[in-house]
Structures are given as structure tokens and as C-alpha cells.
*Asks:* 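Once you've had a glance at the structure underneath, I'll fire off some questions.
Each chain gets a letter, A, B and so on, in the order its sequence line appears, and its residues count up from 1. What you see is a predicted model; the values in this text were computed from it and never measured.
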Protein chains: 2
Amino acid sequence: MVTLAEVAQHAGVSASTVSYVLSGKRSISATTRQRVEQSIRELGYHPNAGARALASSRSNIIALMVPLRTDMYVPVMMEIAIAVATTARTHGYDVLLLTGEEGPDAVRRVTGSGLADAMILMDVELDDERLPLLRGTDQPSVLIGLPAETTGLTCVDLDFRATGALCVEHLAMLGHRDIAVIGEAPAVYERHTGFAERTLDGLRSRAQELGVGLLHRPCEGGYDAMAVTLARILDERPGTSGFVVQNESAVEPLLALLRQQGRAVPEDVSVVAVCPEQVAVQASVRLTSVAIPAQEMGRYAVEHLVAKLDGRGTDEVVLIAPELTVRASTGPAPAGRIS
Amino acid sequence: MVTLAEVAQHAGVSASTVSYVLSGKRSISATTRQRVEQSIRELGYHPNAGARALASSRSNIIALMVPLRTDMYVPVMMEIAIAVATTARTHGYDVLLLTGEEGPDAVRRVTGSGLADAMILMDVELDDERLPLLRGTDQPSVLIGLPAETTGLTCVDLDFRATGALCVEHLAMLGHRDIAVIGEAPAVYERHTGFAERTLDGLRSRAQELGVGLLHRPCEGGYDAMAVTLARILDERPGTSGFVVQNESAVEPLLALLRQQGRAVPEDVSVVAVCPEQVAVQASVRLTSVAIPAQEMGRYAVEHLVAKLDGRGTDEVVLIAPELTVRASTGPAPAGRIS
DNA sequence: ATAGTCAGTCGAAGCGCTTCGACAGCTTTT
DNA sequence: AAAAGCTGTCGAAGCGCTTCGACTGACTAT
């Protein structure tokens, strides 16, 4: 294992000079710099992470807390995680992967031990246990998702309220008068994960404004659960011609069931999904959808943290404006039908 | 930030004693231990990770290299990552998330800097660039996946050869005489990711042994690509009554297309999938499948690494035996059909 | 009774790096 | 020509922990 001291000796300078070449915190003459860089290359030197962390009290690591459960939004999580990791690398940071399992203890451990310089939390609940801890430390953090109370916190998320509104608008504009919402699993709502409620809120208030009917039904993923849910919806509101789906694992079952019942998409019914782009494109009908900007959120989170660690940056809540992409699953409401 | 020294003072012992209480590397009297543990709790002490790493040259971190691309097996990756993270925690390790982006450089960086004590590599190619580096270091590592040459390496993977064989057997036993294989995207084969080829190998050799016809077609995910692929298959072998699918994003499209063409599953055609359990269960037809044991692989990888780090454990290749679960997508081949 | 053993504790020497103050040799200002 | 300011470099003091050797006192074997 090559050390700084060995590089210094090889280059004929002092250890501190090598350190300054590496960090750029003091000016170094061009010739010295080159000599040192040459030695570093020749010896294959890599600074020791532990020593560096100890001396500088900076680990150059960002902790990322992902939810433990894999029942929801897995591709989104993965995409965010990868975006976080790659963005972090471009800023010289590595990413520590924490699962929600440890809960608040993980926050304590990481802050207390100096393992990471900053944290990104995913799957934030409305009244998350980890929040008081974050507020009580000076370690920067970004939440992906929105809790109930955001003072003193930095958050990024898709504007789910606007997303809901946008979906209803789109369907209403096409003439649909009765809309059903296939939501996440009941557990998601019980857990008070903000996004589901915010979407619903946006859906409802715009539906009311536009005077269209809205029926919301949570739904476990999978074909069987979807079959039951759909049957209930059509029983209760036979005239339903527009669907909004916010549940990846309900998308294909819904399409399959509609097809099976002889309801053509988009001729008879229209479907709008809130899902990652990939899901929308790869579905058996190319779905009109509002994409979940996973990459963008991951990138933003890291960049904000880096800014904070550099002494720039402030607490703020950023809601990303939703964009609805029209594909093949929505069309004008069937005419001559009494809703 | 509380330090060891402060704890020592608070407990009225020397710093080294506190250290030994923490590590258990020397015997400590019960009374002293209790006093120290009390002080640790009262002061809310957390050992500083950097200092610890520097002094012990152990970071207690395991690096996990995940593939950058999200075009394949995302849920499997995620499940593995989470299994790795949680298992690592139970052994006192944290997980550093590296993306494939940096390639071999990441390996150099991590080994060189002592950032991690060990590595887990996913998405291993047959002739992976990172392998020479792993062989050239004394840092333990486990590959999830199988390269062409495994000497000096530790690997875990599903036994894909046996998996292929098992799928063919199951279909043959049900009387299917012409089987089509929907494979991964062509890019996966070109990249020489071992698992795809090994599966194919298993499929082919067992098909030959059992005297059934086998047609293999790679397939991009999605509905459109699947439509083209299916049309070609049925054109070439109209009597095909059994399908083996090894491509998550082709599963639903295949089912949708079969349905649309009036081919009932499992009455007219049978489908066996190689996919995570969740996908098989949530599909619009509950799929007979060979599960990909993501959790098991992740757990094994970590446990093997921990064993190695403790001076136990050896290099070896572990192939997990496939298990085929019969669900609703396979049944006897339709009678009276000339294949 | 004396040597040997052992459990329990301490002190001190690092681990490899960052960073602060100091200083030598310049150039610029007055 | 002296004072002031740069620039580029060095030495040394830690950062908070682990770990080795040494020591003390009590206990066992002879």
C-alpha cells in the first residue's frame, strides 16, 4: 500500500506539498505539481480513505436510505439510486446504501460516526420518525418525497398534486365524464406516504372543478386483485370511461382485463398512468402517462447536497412540474353514452 | 462529537480499556464493562468510522457493484442489493454502492484506498475486465454470476444450465413437442453475459436428449418487439405449443398476444418463465416458473465475504439448484395436433 | 514459600492524512 | 532602500482509534 510519504519521497518534496497538490488548497508551482503527479502515477498511489476522513473530518460519502420493502416502485427506486450514485461520483463522492430496516437508528449511527457527510432519504412518510433527528443535526440532508412539515428540511419530489390535476384535465378534455382511479395498495395509504394522498387530492379537486365524477379505489398489484377492483368499479359506475392508474403492478392486469371484457383502449376507455417512462412505453398498449422523473430527482438531491457541503445552498422544497405524454391509451370519450 | 477519550474519562478508565470493551479482544471485568457501557449510553457515543478504519485498516464496508443499465432484471438487482445491505448489517458491515460506470477503475480505487474491505460484483461478463484486478489483490470478493474462467474466484449464481433443462423437461413431460424460447435482448447475448448462454445450453441439450424441437429467439422487451418475434416463431414452427420466457419485459406482452390470437393459456399453449417470483405471481396468468433466488444470492455473497474476512472460507463456485414451481400457465399439450 | 500463570488494566506508539503557522526568496510599493 | 506583499514550500501537530508490550495483583502448582 503506497502512502503519501512515499510519494513525497519519490518526488523529492514534503508530504504536505503532495497533499496540497492533491487538494489544490494552496498554490503549487507547475514543475512541482508535475513531478508529484508523475510520482503518483508511477507508484499507483491512492489516498487512504480512512486517514483522509480522520484528518479532514470529511468522508466524501453520501448515505442513501432506500425503503426495505420491494412492494412498490422498484424500478423508480433503482433508477434514483443509480442516478444518485453516478451523480455523486462526478462530484467525488461515493454512496453508502442503507435500508430502511434500521429506521432512525441508521440516521444516528451515520451522523454519529461520521461515516457519511450527508444523507438522502427516500420513501418519506408524512410524519417520519427520522425527521426530528435530521433537524437536530447539522449534517445536510435531502428528502425524496414530502413529509407533512417541511420547515428546516430540503425536499424534492414530483408535484403529485399537479400530476393528479393534469390527469383529470386530460381525460376531461377528451370528454370523459366518469373517471376511476386505480391507486396504490391500501397499505401505502395507511402508511401515509405523502405522494399517494397528494395525487388523490389533485385528482379530486380538479375533478370537482371540472364537474366530472371521480371514483378512487386502492388496489393491490396483480391480476386477481385488479379483477375484483375493476368489477366493483364498473358495477358502481358503469359509465366509467377514463382510468387513472397509479400502481405499476396494476397496469398490465388492467389492460388485460379491459381487453378481455371487449373494451378497447382507447376507443371505449382511456387509461392514463402515473409511472416510470419505461413502464409506459413497454406496456401492451403504449400508455399516455405522467412520468416519474427518477433520474432528475436523484441528480438534484446529490447536487443540492454537494452545494450545501460546499457552504452554498439553502433549505427549500422543490416540486418538479409533471409532464403528461400522450401515447396510444387515451382518446375521445365514446359518443352517445349516457354517463 | 463524543470521543473514546471522553467516554474513558467519564467511566474512569483508560482509553484502551474502552476500546477493548468495544471490540472484546481482551477480557474485561464485568463491573468495568458495565461502567463503560453505561458511559457510552449516557454520552451517546459512536466510534468515529474514519479513525477506526485508519487504526485497524478495516473499514467495515463491503462494496457492491451494480450494473449501470436498467434495461434488465431491475427487480432482481434491487432485491439482491437489499439482501446484501441487510445481511451486511447483521454482520456489522455497511454497503457502498458502486455503479458499473467506472468499470475496472472502481475496483482499483476501492482496493487502493481501503474504502471497502471486500467487493461483490454483479452482472459479470464471461470475460470481465475486472477479473484480473480481483485476482491480483488480496481483497476478498464474490461474483454474482459466472465468468468463463473461475479459478481463484468465488462465485454464486443460479444454475442456469439446470434451469434450462428443467424448463424443457417440464414441458416435454406434459407432451409438448415443439418449444420456443423467448430470450433476452440480443444485446445481452452479444455482451456475453454468461447466464443467458448457459440457460440456452441447458435448454438445447435437454431438448435434444428428449427429442423435442427447440427454437430460440432473442427479444427486446415490450409489446411491439414481442409481436414481431412471436409472429416469426409461429410462422416457422406453427405447431409450437410450449414457450420458455427468460425476459421479464416480454412476459406480459407474450400473454397479451397469445390471448389476442385466441390461444388459451394453458389449454392451447404452455408458458414457463425464468423470472423473480413476484413477476410470476403478479402476471395476468399465474406463471409456472423457475424463480431467480435473488435474496439467497445476496445473502450468500455477504456471508461468504464475512467468512473470508474472518480468515475462514475458501474460493469456490456455488450454483444454486433451480426450483420449478407449477402454476397456472402450463398444462398438457393439446391432443390431436400434428407437431 | 516461591516461581509461574493469568485475568484485567494502562500507556504509548502509531495508522496516513490535513492543515496551520513559519519562512525563504521573490516582486511590488512607497 | 526599506517595508510590505506574494508565492511556494516545509515541519509539526494533531484527527480518534487500535494494539502491543508492560505491569499489577491474585491464584495455582510445586
*Asks:* For a quick check of understanding: with a heavy-atom distance under 4.0 Å over all strands, which category does T3(A) fall into, base, sugar-phosphate or nothing?
*Replies:* sugar-phosphate
*Asks:* Nearest to the side chain of S16(B), which nucleotide is it out of dT19(C), dG16(D), dC10(C)?
*Replies:* dC10(C)
*Asks:* Looking at E129(A), I want to see if its CD is surrounded by more than 12 non-hydrogen atoms of other residues, nucleotides or ligands under 6.0 Å.
*Replies:*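 No, not enclosed.
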*Asks:* Could you tell me whether the side chains of S19(A) and S16(A) share a donor-acceptor contact shorter than 3.5 Å?
*Replies:* no
*Asks:* Whether S29(B) contacts dT9(C) is assessed here as follows: a side-chain N or O lying under 4.0 Å from the phosphate OP1 or OP2. Is that the case?
*Replies:*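 Result: yes.
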*Asks:* Write down the distance between NZ (K25(A)) and P (dC10(D)), rounded to a whole number of angstrom.
*Replies:*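 After rounding, the reported distance stands at 19 Å.
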*Asks:* When the distance from CD1 of I40(A) to C1' of dC17(C) is rounded to whole Å, what number comes out?
*Replies:*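 After rounding, the gap between these two atoms is 13 Å.
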*Asks:* Taking R89(B) first and then E102(A), would you say they form a salt bridge - that is, a charged N and a carboxylate O separated by under 4.0 Å?
*Replies:*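 Looking at R89(B) and E102(A), the cut-off is met.
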*Asks:* Tell me the interatomic distance from Y20(A), atom OH, to dC17(C), atom C1', rounded to whole angstroms.
*Replies:* 11 Å
*Asks:* Compute the bend angle of the helix from dA1(C)-dT30(D) to dT30(C)-dA1(D) from the end axes (five pairs per end), rounded to 10°.
*Replies:* 40°
*Asks:* Using a heavy-atom cut-off of 4.0 Å across all strands, would you classify L4(A) as base, sugar-phosphate, or nothing?
*Replies:*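 Base, at least one base atom sits under 4.0 Å.
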*Asks:* Check whether the side chains of R41(B) and Q38(B) place a donor and an acceptor atom closer than 3.5 Å, and report yes or no.
*Replies:*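 A pair is found: one side chain offers a donor N or O, the other an acceptor, under 3.5 Å apart.
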*Asks:* Please determine, for the side chain of P47(A), which listed nucleotide (dC17(C), dC20(C), dT9(C)) has the closest atom?
*Replies:* dC17(C)
*Asks:* Hey, is the side chain of R52(A) poking within less than 4.0 Å of OP1 or OP2 on dT18(C), counting only N and O atoms?
*Replies:*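 Answer is yes, contact under 4.0 Å.
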*Asks:* Figure out the CG/P separation between L54(B) and dA13(C), and round it to whole Å.
*Replies:*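 These atoms are roughly 17 Å apart.
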*Asks:* Side chain of V13(A): nearest nucleotide among dC10(D), dC15(C), dC20(D)?
*Replies:* dC10(D)
*Asks:* Take atom CD of Q9(A) and atom P of dC17(C), then tell me their distance rounded to the nearest Å.
*Replies:*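 Value for this atom pair: 14 Å.
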*Asks:* Assign S56(B) to base, sugar-phosphate, or nothing according to its heavy-atom contacts below 4.0 angstrom with the strands shown.
*Replies:* sugar-phosphate
*Asks:* Just how far, in rounded Å, is P of dC17(D) from CZ of R58(B)?
*Replies:* 18 Å
*Asks:* Under 3.5 Å, is there a donor on one side chain and an acceptor on the other for T32(A) and S29(A)?
*Replies:* yes
*Asks:* Find which nucleotide of DNA chain C each of V18(B) and A55(B) is nearest to by heavy atoms, and output the residue with the more 5' nucleotide.
*Replies:*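 Closer to the 5' end of DNA chain C: V18(B).
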*Asks:* Counting the atoms with a prime plus P, OP1 and OP2 as sugar-phosphate, which does S19(B) contact under 4.0 Å by heavy atoms, base, sugar-phosphate, or nothing?
*Replies:*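 Answer is base: heavy atoms of S19(B) come under 4.0 Å of a base.
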*Asks:* Could you tell me how far apart L22(A) (CG) and dT19(C) (P) are, to the nearest whole angstrom?
*Replies:* 12 Å
*Asks:* Need to verify one output field. Residue with the more 5' nearest nucleotide on DNA chain C, A15(A) or A30(B)?
*Replies:* A30(B)
*Asks:* For dG8(D), does the base pair up with any side-chain atom of T32(A) as donor and acceptor (N or O, under 3.5 Å, distance only)?
*Replies:* no
*Asks:* Determine whether a donor-acceptor pair (one donor, one acceptor, N or O, separation below 3.5 Å) exists between the side chain of R26(B) and the base of dG21(D).
*Replies:* yes
*Asks:* Considering all heavy atoms of both residues, which atom of L22(B) and which atom of P47(B) are nearest to each other, and what is their separation?
*Replies:*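 So the two residues come closest at CD2-CG, 4.4 Å.
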*Asks:* Do Y20(A) and R33(A) have side-chain N/O donor and acceptor atoms under 3.5 Å apart?
*Replies:*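 R33(A) and Y20(A) do not have a side-chain donor-acceptor pair below 3.5 Å.
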*Asks:* With a 3.5 Å cut-off and no angle check, do the side chains of T151(A) and E149(A) form a donor-acceptor pair?
*Replies:* yes
*Asks:* Of all the choices, dG16(C), dG8(C), dG11(D), which nucleotide is nearest to the side chain of S27(B) once you look at every atom?
*Replies:* dG8(C)
*Asks:* Figure out the CG/P separation between N48(B) and dC15(C), and round it to whole Å.
*Replies:*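 So the CG-P distance, N48(B) to dC15(C), works out to 18 Å.
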*Asks:* What I want to check is whether an N or O donor and acceptor connect the side chain of Y45(A) with the base of dC17(C) at under 3.5 Å.
*Replies:* no
*Asks:* Between T17(B) and dC10(C), is there a side-chain N or O to OP1/OP2 distance below 4.0 Å?
*Replies:*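 For dC10(C), OP1/OP2 do have a side-chain N/O of T17(B) under 4.0 Å.
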*Asks:* I'd like to know if the side chain of K308(B) pairs up with that of T154(B) as donor and acceptor (distance under 3.5 Å, no hydrogens or angles considered).
*Replies:*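 Note: K308(B) and T154(B) side chains meet the donor-acceptor criterion.
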